[in-house]
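Here's the structure, in structure tokens; my notes come after.
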Amino acid sequence: MADYKSTLNLPDTGFPMRGNLAQREPERLQTWQDKNLYQRIRDARVGRTRYVLHDGPPYANGDIHIGHAVNKILKDMIVKSRTLNGEDAPYVPGWDCHGLPIEHQVEKKLGKVGVKVEADEFRRACREFALGQIDNQRKDFVRLGVLGDWDDPYLTMKFETEANIVRALGKIIDNGHVTRGSKPVHWCTDCGSALAEAEVEYRDKTSPAIDVRFPAVDEDAFVAAMSLEGENAGEGPISVMIWTTTPWTLPANLAVALNPADEYVLVQVDDERLLLAEALAEEALKRYGVETYHVVARAPGSALENLRMSHPFYDRESVMVLGDYVTLDAGTGAVHTAPGHGQDDFDTGIKYGLEIYNPVGDDGCFLPSTELFAGEHVFKANDHIVEVLKQRNALMHVEKFDHSYPHCWRHKTPIIFRATPQWFISMDKVGLRETAMSEIRKVRWVPSWGQARIESMIENRPDWCISRQRYWGVPITLFMHRETQELHPRTSELIEAVAQRIEKEGIQAWFSLDPKELLGDDIDDYLKVGDTLDVWFDSGTTHFSVLQRDPRTHFPADMYLEGSDQHRGWFHSSLLASCAMHGCAPYKQVLTHGFTVDARGMKMSKSVGNVIAPIKVTKTLGADILRLWVAATDYSGEMSISDEILKRTADSYRRIRNTIRFLLANTNDFEPAEHLVAADEMLALDRWIVGETLKLQNELKQIYDDYLFHIAVQKIHNFCSETLGGYYLDVIKDRQYTTRADSQARRSCQSAQYHITEAMTRWIAPILSFTADEIWEHMPGQRDELGVFIAEWYEGLFDYADDEVESGDWAAIDQVRTEVNRRLEVLRQEGQIGGSLDAEVSIATDQALIDSLQTVGDELRFVMITSATQVKPLAESRAGDAVRLADGNRVLVEAVPSEHAKCVRCWHHRADVGSHADHPELCGRCVENVDGLGEQRRYA
RNA sequence: CGCUUCGUAGCUCAGUGUGAAGAGCACUCGGCUGAUAACCGGGAGGUCAGUGGUUCGAAUCCACUCGAAGCGACCA
């Protein structure tokens, strides 16, 4: 047998089947860095429409986890898809550098400030620590294939940024939003300092639960407010019963709160009358050991507002107030209220104009002015207070009570709520809430429920407390009058003077500042504020410190993109700060992604052991697999990840990779400049596939514009599997391999494959960045060494239009193909044929379909990948066995093994095999292709 | 406990009022050996979380239940 294999044009490529990503991606990263890829993309897009995705700064502490990876990869995909659109989409990464968690880390090493280390040195250590963390995170972000200005990120601790944070505060003060006031904060008496929410953990604690009498000042007023049950209102002193688990807050009591909607009853017990919530009366009285009682009057809580009681052991009054937060879970339905010791109590206090009274000092002991309990530590005072209540006959009952109670996460000791002076950004003083609410409506929220979420938060939130009593933070650079507590009249000017110093020396400039330098003679009257700013203020003002200052960006940003928790975090703080400074939102669009969970939808936690580390994935499967997972997952909800999911992702990666590999292998000898066949000279099927490619490309443009990456992945993958693998590429193999290398028949399908490769490589570039860049190097033709990332959407595709074979005809042919395959499978199972070329088929169908099938004439057999294909009217066959297709046509496929000899070259079974003396094993077509001018094809 | 979001084949996702629920992957059976640790074909697989309702008709709208996640509350 002659060797005809060498006369075939078989696929050949240096593009490997397996990506070996874990090993080869780092090498590719190095080349990107060597050629300064990011900067050169910037240069290439100068003057184009700019699209600024402003990076939400991750906190500079700890290794990156899968959530970081999702966030950065999504950002990168958006930036790259905008670049693909031809836009100038810079990416300036950032880090959030100040704040508590870093202080904790440094404290672990150096010890507490003021004890083992001076504040100045401590801050230096914090700065150094943050820098190390940034380097560590940066290398991991880069490894994920995220392109950005990694050499010059923005850091909230850069001197310049620190100065601008201070200026931002100045601007908000100038605009009249900043106020000073008291606020109850979590206070650890062991730390001697306020705790952030994150430092609080809830643990079980046993407390004394006491029921206390609050005697009515004016009994008649009570009776008058209520409706009588019987003939009279009973007799004896009236007491409102309260229940509390924190006796030590009673010295600060100023009110008793009732639920306005609940029903309260006045109960006659022996010779006194008690006020209780009706729903809790029986249980409470049982607790007091009361057996006989009767209700003498009742009223809803709302009727009792503003009535007055005597404080149980002080000579002052306590007022009846109303609060929706009062519940009937436990107690008496009447809540002892100390505005200085609780959030609800504080809010109520503000509402009723009560003093925010706090008799407790920093050390957790009652202030010297506190009657009866001066100097006692609050928790130790509990017993004393119970004792006093007993003496005054105010105590009705006492028992042990187990409940969950806030504790300091470091000391594991119970903490207290305590009002302290703080700085606030007022929500309503100058209409900040209103501005923010109206700005929210101008922003595009993706998904749309993000809007409702942030609206409800802005609507309900209290004033923003921006002061912290910390070391590692941007200082609140204010001078306050010692007597009047007023800000210095030259505050604006002073802030700018301080900012200029911070610009040169960092925040330490403020802490080291001798106020005299700035204040001169005012020094005696003014106090230098020692508080630092809430870290959310740092990141919340990056629209000012970065977007408005950095020439690489602009304000407002086109996009903020973070996890859904940031509606309370960065989206929120940025909106408020921007509205307070500029009166508008800092972003045009906000995109939210969900959290990563495991295969069962459970959140990842170290203790459960279901954590997947992104860097581990890059080291095993490669960053492109992780990127593909991010892209393929619908980020609007929870994002599941597990080993199986990653394995499936790797499978679908291989499908895409191999499809492109085949395209490259088939165009190995193709030089577009020389061989590209003009559209109107290409075969119909080849023009058709280019048209399909264009259709998909147009869909993808829209899909990328809508940030629906998971839809893009589905479509691209489906295109590879179905349209290409299962149809087009399968059909053209014969022509690709067997026609003459330089024939129009072959160059035509190579041209189509070339167009597809050009287009598809760009499609996947935002997602499979490493792979797309690798493909680019193997693609035919001369191309830019900057690779795929500089490319814009491929313009070489064209619509399909044909007078003979219409688009609908191809669709019809494809439908029939499925029926042919079904029939061939039966023969195969019966052992009658192996490959489909062993068979000859006969298609009996309705006239409409016959017309479609015959548009491609004899070449139908190539489309069906059979040795012979015949079409005939259904009437000439057993019409009853026909199946009905989706379009209504009936079709019956008959198939038999071909009786003809098999051509050793093209494997078709043809009658003319052996008819040529020089090539006894070949069919006529192959003889023509080997020795003659080559066969002509028109359609397929 | 409250608010918000989500729950479609083993996996990732389409479908959001009307033809008997779709795709790819995985699985399974088979083919090819000229994409070969690749490729092609056939097949099986779902009471659309559950229950009840609105409707001629619901995976799709409403209510409740269960499960998950985020945020908040955990308080007297």
Side-chain angles (χ1 to χ4, degrees), chain A residues 5 8-13 17-18 197 202 209 242-246 249 256-257 323 325-327 329-338 341-345 403-406 417 447 449-450 452-453 456-457 460 563-569 592 594-597 599-603 629 632-634 636-640 642 644-649 651-652 654-655 658-659 661-666 710-711 713-715 717-722 725-727 729-730 733-734 736-738 818 820-826 828-829 831 833-838 865 886 905-907:
Chain A
K5 192 159 168 173
L8 296 170
N9 315 298
L10 294 177
D12 180 27
T13 177
M17 182 166 359
R18 303 175 72 211
E197 202 57 50
Y202 287 85
I242 65 95
W243 181 80
T244 180
T245 55
T246 52
T249 59
V256 173
Y325 58 89
V326 176
T327 61
D329 308 333
T332 60
V335 176
H336 139 63
T337 297
H341 290 307
Q343 187 62 51
D344 284 336
D345 295 17
H403 60 156
S404 118
Y405 190 87
F417 251 103
W449 49 257
R453 179 165 293 186
S456 75
M457 288 172 179
N460 298 321
S564 55
D565 56 335
Q566 297 303 324
H567 285 105
R568 180 157 295 276
T592 307
F595 277 60
T596 51
V597 296
R600 302 205 329 272
M602 308 293 273
K603 68 175 165 192
W629 167 73
T633 305
D634 179 1
S636 69
E638 288 145 33
M639 302 177 72
S640 288
S642 66
E644 190 200 344
I645 291 166
L646 284 170
K647 187 170 179 294
R648 291 289 93 84
T649 307
D651 286 339
S652 81
R654 286 213 309 276
R655 175 51 129 162
N658 266 315
T659 301
R661 176 172 183 263
F662 191 49
L663 295 171
L664 292 174
N666 284 338
H710 66 292
I711 305 291
V713 170
Q714 293 262 123
K715 298 246 182 203
H717 192 268
N718 213 51
F719 184 67
C720 288
S721 294
E722 290 291 281
Y727 187 24
L729 293 178
D730 207 22
K733 275 184 206 167
D734 176 84
Q736 169 83 32
Y737 298 167
T738 67
T818 304
V820 168
N821 281 333
R822 251 193 269 276
R823 182 68 211 147
L824 292 179
E825 191 59 28
V826 174
R828 202 172 275 137
Q829 298 286 349
I833 59 167
S836 59
L837 285 174
D838 295 341
I865 319 183
R905 183 169 179 275
C906 72
W907 296 347

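Note that the structure is a prediction, hence the values are computed from the model and not measured. Values below: all heavy atoms of this structure, side chains included; hydrogens, waters and symmetry mates excluded. Letters A, B, ... are given to chains in the order of the sequence lines, protein chains preceding strands, and every chain is numbered from 1.
Pair check for C75(B) finds none; no Watson-Crick or G-U wobble contact set falls under 3.5 Å. Within the shown strands, nothing qualifies as a pairing partner of A9(B) under the Watson-Crick or G-U definition with both distances less than 3.5 Å. Applying the Watson-Crick and G-U wobble criteria (two distances, each under 3.5 Å), U36(B) pairs with nothing in any strand. Nucleotide G41(B) has C29(B) as its partner under the Watson-Crick or G-U criteria, with both atom distances under 3.5 Å. With a 3.5 Å ceiling on both atom-pair distances, the Watson-Crick or G-U wobble partner of U4(B) is A69(B). The nucleotide C48(B) finds no pairing partner, because no Watson-Crick or G-U wobble arrangement with both distances shorter than 3.5 Å includes it.
Nucleotides G46(B) and C11(B), compared at atom C1', are 14 Å apart to the nearest Å. Between U5(B) and G42(B), the distance separating the two C1' atoms is 41 Å to the nearest Å. For the C1' atom pair drawn from U16(B) and C25(B), the interatomic distance equals 25 Å after rounding to whole Å. Comparing G67(B) with A14(B), their C1' atoms sit 24 Å apart, to the nearest whole Å. The same atom, C1', is picked in A59(B) and in G22(B); the two are 12 Å apart, to the nearest Å. C29(B) and C64(B) have their P atoms separated by 49 Å, with the value rounded to a whole Å. Comparing the P positions of G43(B) and A49(B) gives an interatomic distance of 27 Å, to the nearest angstrom. Remark: the separation of the P atoms in C6(B) and C74(B) is 28 Å, to the nearest Å.
Counting only heavy atoms from C-beta outward, the side chains of N666(A) and Y737(A) approach each other to under 4.5 Å. L729(A) places a side-chain heavy atom less than 4.5 Å from the side chain of T659(A).
R655(A) and S721(A) share a side-chain donor-acceptor pair at under 3.5 Å.
Atom CZ of F662(A) is separated from atom SG of C720(A) by 12.5 Å, given to the nearest 0.5 angstrom. We find the OG-CG distance between S836(A) and N821(A) to be 7.5 Å, quoted to the nearest 0.5 Å. In this structure, H567(A) NE2 and T592(A) OG1 are separated by 3.5 Å, a value rounded to the nearest 0.5 Å. The distance from atom CE of M639(A) to atom NE2 of H710(A), rounded to the nearest 0.5 Å, is 10.0 Å.
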Please assess I865(A) against L837(A) for the test side chain to side chain contact (heavy atoms under 4.5 Å, CB included), listing each intermediate value before the final yes or no.
CA-CA 6 Å; I865(A) 319 183; L837(A) 285 174; 4.3 Å; yes
Worked verdict on T596(A) versus W629(A) for side chain to side chain contact (heavy atoms under 4.5 Å, CB included)
CA-CA 11 Å; T596(A) 51; W629(A) 167 73; 3.7 Å; yes
Between H336(A) and V256(A), is the side chain to side chain contact (heavy atoms under 4.5 Å, CB included) condition met? List the steps.
CA-CA 5 Å; H336(A) 139 63; V256(A) 173; 5.6 Å; no
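Residue-level contact check: G726(A) touches the backbone only, with heavy atoms under 4.0 Å from sugar-phosphate atoms and none from bases. At a threshold of 4.0 angstrom between heavy atoms, the contacts of L8(A) include nucleobase atoms, whether or not backbone atoms are also involved. Among the atoms of the strands shown, only primed sugar atoms or phosphate atoms (P, OP1, OP2) are found under 4.0 Å from some heavy atom of I711(A). Using a 4.0 Å heavy-atom distance criterion, A665(A) is classed as making no nucleic acid contact.
Counting to the nearest Å, the C1' atom of G34(B) and the CD1 atom of I865(A) are 14 Å from each other. Nucleotide C39(B) holds its P atom 14 Å from the CG atom of N666(A), rounded to whole Å. Atom-to-atom, CG of L729(A) to P of G41(B) comes out at 11 Å; the value is rounded to the nearest Å. Rounded to an integer number of Å, the gap from D634(A) CG to U8(B) P is 12 Å. For R18(A) and A38(B), the CZ to P distance is 9 Å, given to the nearest whole Å. Atom CG in L663(A) sits roughly 13 Å away from atom P in C39(B) (whole-Å rounding). We find that CG of L10(A) is positioned 13 Å from C1' of U36(B), with the value rounded to whole Å. The interatomic distance linking F662(A) (CZ) with A37(B) (C1') rounds to 18 Å, in whole Å.
Between D565(A) and R568(A) there is no salt bridge, since no side-chain N of the basic residue sits under 4.0 Å from a carboxylate O of the acidic one. Salt-bridge check for R828(A) with E825(A): passed, with a basic side-chain N closer than 4.0 Å to an acidic carboxylate O.
Look at R661(A) and you'll find a side-chain N or O under 4.0 angstrom from OP1 or OP2 of U36(B). Neither OP1 nor OP2 of C40(B) sits under 4.0 Å from any side-chain N or O of Y727(A). Within the structure, every side-chain polar atom (N or O) of R905(A) is placed at least 4.0 Å from both OP1 and OP2 of G34(B).
Nearest nucleotide to the side chain of Y737(A), out of G34(B), C39(B), A69(B): G34(B). Set against A35(B), A14(B), G70(B), the side chain of N658(A) has A35(B) as its closest nucleotide.
Position along RNA chain B of the nearest nucleotide to P11(A) versus G601(A) favours P11(A) as the more 5'-ward residue. When each of I242(A) and T818(A) is assigned the nucleotide of RNA chain B bearing its nearest heavy atom, the one mapping closer to the 5' terminus is T818(A).
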Heavy-atom protein contacts under 4.0 Å, nucleotides 23-33 of chain B, coded B base, S sugar-phosphate only, - none:
BSBS---SSSS
Between N or O atoms, less than 3.5 Å apart, protein on one side and nucleotides 2-6 of chain B on the other: list the pairs.
{"from": "U4(B)", "atom 1": "O2'", "to": "R453(A)", "atom 2": "NH2", "distance (Å)": "3.1"}
{"from": "U4(B)", "atom 1": "O2", "to": "R453(A)", "atom 2": "NH2", "distance (Å)": "3.3"}

